[in-house]
Amino acid sequence: MHTVANSERLNFRLMSSDDESILWELDQDPAVMKYINGGIPTSREALRSIYLPRLNQYTDPLKGWGMWATSLLESDVFVGWILVRPMAFFTDYPETHHLELGWRFQQAAWGKGYATEAAKAVISSFIRSIDFNNQQTKKLFSALAVPENLASIKIMKKLGMTYVKTALHRDPLGDEVALYYQLELSE
């Protein structure tokens with residue numbers, strides 16, 4: 001089973017459908033949802049019928065794919081999550097060696113470096129599991145954000161990601177123009 005070691009201030013665990021309540025609470029803040037859907041809180045029905053089934057589709061504990069709950073080490077208070085799944089997962093051609101990295105954090109956690117710290121911890125966990133002598137296991141991480149989401153773009157840059165393109169991101173839940181940033185893992 002893939003694990004993510006504690007960082008300086010955070011601990012991590014793979015999320016499941018049992019986390020419905022904390023996922024719903026996070027998505028009730030219009031500021032958190034601003035760049036996801038224009039600030040509309042997620043309904044319980046949408047969470048149960050769309051988002052949790054999607055989470056179940058891409059979660060793979062052995063590979064580390066899924067949403068990693070991020071909590072404060074000192075209090076175990078949930079502050080957000082880090083997503084890891086193959087790019088283009090919901091298409092006929094998911095890219096298993098090219099992983100999408102995403103995040104969503106409570107507004108109270110913004111500006112404290114938690115998202116960057118959590119993303120670095122998750123990336124480090126994948127670096128530890130790579131056989132760099134085997135080209136088949138070389139991994140790329142990509143992240144995307146709408147152009148107006150300057151905070152997420154700043155996090156991508158702090159992670160050492162570089163801008164790749166602006167393109168239409170296709171998703172069964174809706175297409176949108178996004179900036180793509182990428183990081184190639186190396187020894």
Side-chain angles (χ1 to χ4, degrees), residues 1-27 32 36 47-48 51-90 94-106 108-145 151-152 154-162 181-187:
M1 181 156 157
H2 190 98
T3 60
V4 176
N6 292 348
S7 65
E8 182 180 338
R9 301 176 294 167
L10 305 169
N11 65 48
F12 307 91
R13 67 171 176 76
L14 203 54
M15 298 180 84
S16 72
S17 295
D18 294 339
D19 293 302
E20 176 185 333
S21 291
I22 61 173
L23 291 170
W24 181 79
E25 287 173 27
L26 178 62
D27 286 6
V32 170
I36 296 160
L47 188 64
R48 290 177 183 144
Y51 299 105
L52 292 176
R54 281 174 60 111
L55 172 65
N56 291 334
Q57 280 183 283
Y58 61 77
T59 298
D60 185 328
L62 292 177
K63 294 178 180 169
W65 301 348
M67 287 176 22
W68 289 89
T70 303
S71 300
L72 298 177
L73 198 54
E74 65 183 34
S75 63
D76 205 33
V77 170
F78 174 79
V79 291
W81 51 254
I82 298 288
L83 164 89
V84 179
R85 69 178 173 211
M87 286 295 287
F89 184 82
F90 293 104
E95 302 174 35
T96 58
H97 293 301
H98 183 183
L99 301 177
E100 178 181 357
L101 190 67
W103 44 83
R104 190 173 304 168
F105 281 74
Q106 295 172 354
W110 294 357
K112 298 178 179 175
Y114 293 141
T116 303
E117 182 177 330
K120 284 180 178 179
V122 169
I123 291 169
S124 290
S125 76
F126 280 87
I127 289 173
R128 287 192 308 272
S129 68
I130 292 175
D131 174 5
F132 285 98
N133 295 317
N134 180 348
Q135 290 297 331
Q136 296 294 324
T137 62
K138 187 167 261 186
K139 296 236 188 292
L140 293 173
F141 269 104
S142 287
L144 51 124
S152 280
K154 185 176 178 182
I155 292 167
M156 292 178 216
K157 290 177 180 177
K158 285 182 178 180
L159 295 173
M161 293 181 157
T162 55
Y181 280 73
Q182 194 170 83
L183 173 70
E184 184 172 343
L185 298 183
S186 58
E187 290 181 88

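When reading the values below, keep in mind they use all heavy atoms of this one structure, side chains included, and skip hydrogens, waters and symmetry mates.
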Asker: Heavy atoms, side chains only, cut-off 4.5 Å: are L183 and L140 in contact?
Answerer: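 They are not in contact (no side-chain heavy atoms under 4.5 Å apart), so the answer is no.
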Asker: Going through the distances and angles, do L159 and K120 end up as a side-chain contact (heavy atoms from CB on, under 4.5 Å)?
Answerer: CA-CA 7 Å; L159 295 173; K120 284 180 178 179; 3.5 Å; yes
Asker: Roughly how far, to the nearest 0.5 Å, is CG of N11 from CG of L73?
Answerer: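 One finds 5.5 Å between CG of L73 and CG of N11.
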Asker: Quick one: side chain to side chain contact (heavy atoms under 4.5 Å, CB included) partners of E95, sequence neighbours excluded?
Answerer: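 M87, A88, H98.
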Asker: Can you name the closest pair of heavy atoms from S125 and T3 and give their distance?
Answerer: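 The pair with the smallest heavy-atom distance is CB-O, 3.3 Å.
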Asker: Quick one: does R85's side chain get under 4.5 Å of F90's, heavy atoms only?
Answerer: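 Side chain of R85 against side chain of F90, heavy atoms only: contact under 4.5 Å found.
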Asker: Atom OH in Y51, atom CD in E20: separation rounded to 0.5 Å?
Answerer: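 Rounded to the nearest 0.5 Å, the OH-CD separation comes out at 13.5 Å.
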Asker: With rounding to the nearest 0.5 angstrom, report the CG to OG1 distance, L83 to T59.
Answerer: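 That separation rounds to 9.0 Å.
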Asker: Side chains of L101 and M161: does their closest heavy-atom pair fall under 4.5 Å?
Answerer: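 Yes, their side chains come closer than 4.5 Å.
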Asker: Nearest 0.5 Å, please: how far is CG in L26 from CZ in F78?
Answerer: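 That separation rounds to 5.0 Å.
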Asker: Looking only at heavy atoms, which two atoms of W103 and A143 are closest? And how far apart?
Answerer: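 Nearest heavy atoms, W103 then A143: CH2-CB, 4.0 Å.
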Asker: Nearest 0.5 Å, what's the NE2-CZ distance between H2 and F126?
Answerer: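 Between H2 NE2 and F126 CZ, I get 4.0 Å after rounding to 0.5 Å.
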Asker: Taking all atoms of both residues into account, what is the closest heavy-atom pair of I155 and A115, and its distance?
Answerer: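 Reported closest heavy-atom pair: CD1-CB, 3.5 Å.
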Asker: Quick one: pull up CG in L99 and CD in Q182 and give me the separation to the nearest 0.5 Å.
Answerer: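 It comes to 11.0 Å.
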